[in-house]
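In listed order, ligands and their atoms are each counted from 1.
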Amino acid sequence: MEIKSIVLRQIKMDLLHPFTTSIGTEYDKDIILVEAKSTSGRSGWGESVAIMEPIYNEETVQTNWHMMSDHLIPLLLKKSIEHPDQVSERFTRIRGNFNAKAAIECAVWDLYAKEQNMSLSKALGGVNEKIEVGVSVGIKESEEQLLQEVERYVSEGYKRIKIKIKPGWDVHILKLVRNQFPDIQLMADANCAYTLDDIEHLQALDEFNLTMIEQPLDYDDIIDHAKLQAKLRTPICLDESIYTVEDARKAIELGSCKVINLKIGRVGGLTESKKIHALCQQHNIPMWCGGMLEAGIGRAHNIAITSLANFTLPGDTAPSAHYWKEDIIEPEVTMEDGYIRIPNGPGIGYEPNLKRIDKLTLYSKTFTNREV
Ligand SMILES: O=C(O)CCC(=O)c1ccccc1C(=O)O
Ligand SMILES: [Mg+2]
């Protein structure tokens with residue numbers, strides 16, 4: 001596979017509804033799209049999940065632009081590659097910066113699958129033809145507003161409801177939702193809002209038959225999570241704390257979690273995602289695919305990875321219309337009875353809508369491989 005050029009585009013999209021978590025509110029998204037073009041004339045696409053402020057992890061849209069332009073793209077274009085697994089290998093000498101690495105690597109995976117005339121799902125070893133869909137519900141202005149929203153999602157067919165929590169918006173909120181919906185698959189995501197001083201408070205959640213509680217403690221912790229898990233019946237799921245397959249191994253060994261949320265961008269790409277998947281499968285740790293309010297390209301990659309066998313829990317992979325007035329792919333992602341069908345066309349299986357992307361583009365830059 002000869003990569004002839006890489007095009008970076010920064011686009012800006014308004015979210016249909018602001019999204020609030022314990023770490024802040026997002027109203028719109030600046031997104032870096034990566035297009036990898038081969039000498040055969042095909043294009044593979046990736047999308048960075050980095051946001052403007054380093055509040056979820058240490059990366060930002062700007063640090064991603066810099067890392068891609070000045071470090072990662074030059075490394076990628078230096079020598080040709082036979083298989084996308086080589087991309088993360090080549091990037092290992094660059095520390096961290098996983099969102100930036102993943103966006104480029106995902107574009108190469110899409111390109112590779114297209115060159116093999118294979119769906120990305122198949123190229124990754126996916127087995128499922130459709131995936132179960134959950135939805136992540138942000139912190140709201142009022143309890144009434146939250147209950148109304150949950151009611152709508154349940155009636156739309158979502159298979160699992162995730163409620164964002166923080167101190168002051170937690171036990172009583174989950175009690176309300178659980179009372180009104182005794183049978184739904186329900187979970188909570190704290191985005192690191194608690195410490196071990198809150199153990200007793202968090203134990204109150206054990207009453208509500210939650211499928212799991214996601215990332216209650218600090219973003220880089222796996223030690224205290226193990227202490228907390230020993231005191232909670234509710235399974236802990238790690239999100240922010242898992243950057244690599246090595247992190248996952250240590251967390252499993254320590255008993256820091258019973259479930260793992262995989263985000264392709266958080267772990268540096270699809271090759272690392274496959275490694276984490278294999279490890280979790282071996283240790284009977286169920287997984288699901290997390291979301292970062294992706295536009296269509298990132299969403300398509302999430303859908304492809306979720307087709308692997310050990311993604312046994314519904315993910316945060318809601319359809320396009322949940323986030324956007326108009327997405328950047330065709331067709332848009334749709335859900336039927338709580339499922340998304342895995343597309344079987346080549347690569348990600350959705351076409352980037354170039355007209356729409358051009359309209360949203362703030363700036364772009366092309367990097368050419370002069371050797372090919
Ligand atoms: O994309 C989605 O719908 C999931 C949204 C979500 O929960 C989230 C969105 C932004 C940052 C962090 C998270 C999270 O899973 O912690
Ligand atoms: Mg999370």
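At a threshold of 4.0 Å, the pair Arg9-Glu35 counts as salt-bridged, since one of the basic side-chain nitrogens sits closer than that to a carboxylate oxygen. Classification of Glu115 and Arg42 as a salt-bridged pair holds, one side-chain N sitting under 4.0 Å from a carboxylate O. Asp170 has no carboxylate O lying under 4.0 Å from a charged side-chain N of Lys166, or vice versa, which leaves the two without a salt bridge. Here Lys250 does not pair with Glu253 in a salt bridge; the nearest charged N to carboxylate O distance is not below 4.0 Å.
Annotation: ligand 1 has protein neighbours Phe19, Glu26, Tyr56, Ser136, Lys162, Lys164, Asp189, Asn191, Glu214, Asp239, Lys263, Gly291, Met292, Leu293, Asp316, Tyr323, each with a heavy atom less than 4.0 angstrom from the ligand.
Between the side chain of Arg266 and the main chain of Asn261, a donor-acceptor pair closer than 3.5 Å is present. In terms of modelled atom types and a separation under 3.5 Å, the side chain of Ser22 and the main chain of Asn191 share a donor-acceptor contact. Without hydrogens or angle criteria, Glu214 side chain to Asp239 main chain gives no donor-acceptor distance under 3.5 Å.
Separating the OG atom in Ser48 from the CE atom in Met67 is a distance of 12.0 Å, to the nearest 0.5 Å.
For a distance threshold of 2.8 Å, the protein N, O or S atoms nearer than that to the Mg ion (ligand 2), listed by chain and number, are Asp189 OD2, Glu214 OE2, Asp239 OD2.
At least one cation-pi condition fails for Arg160 and Tyr153: the charged atom is not both under 6.0 angstrom from the six-membered ring centre and inside a 45 degree cone around its axis.
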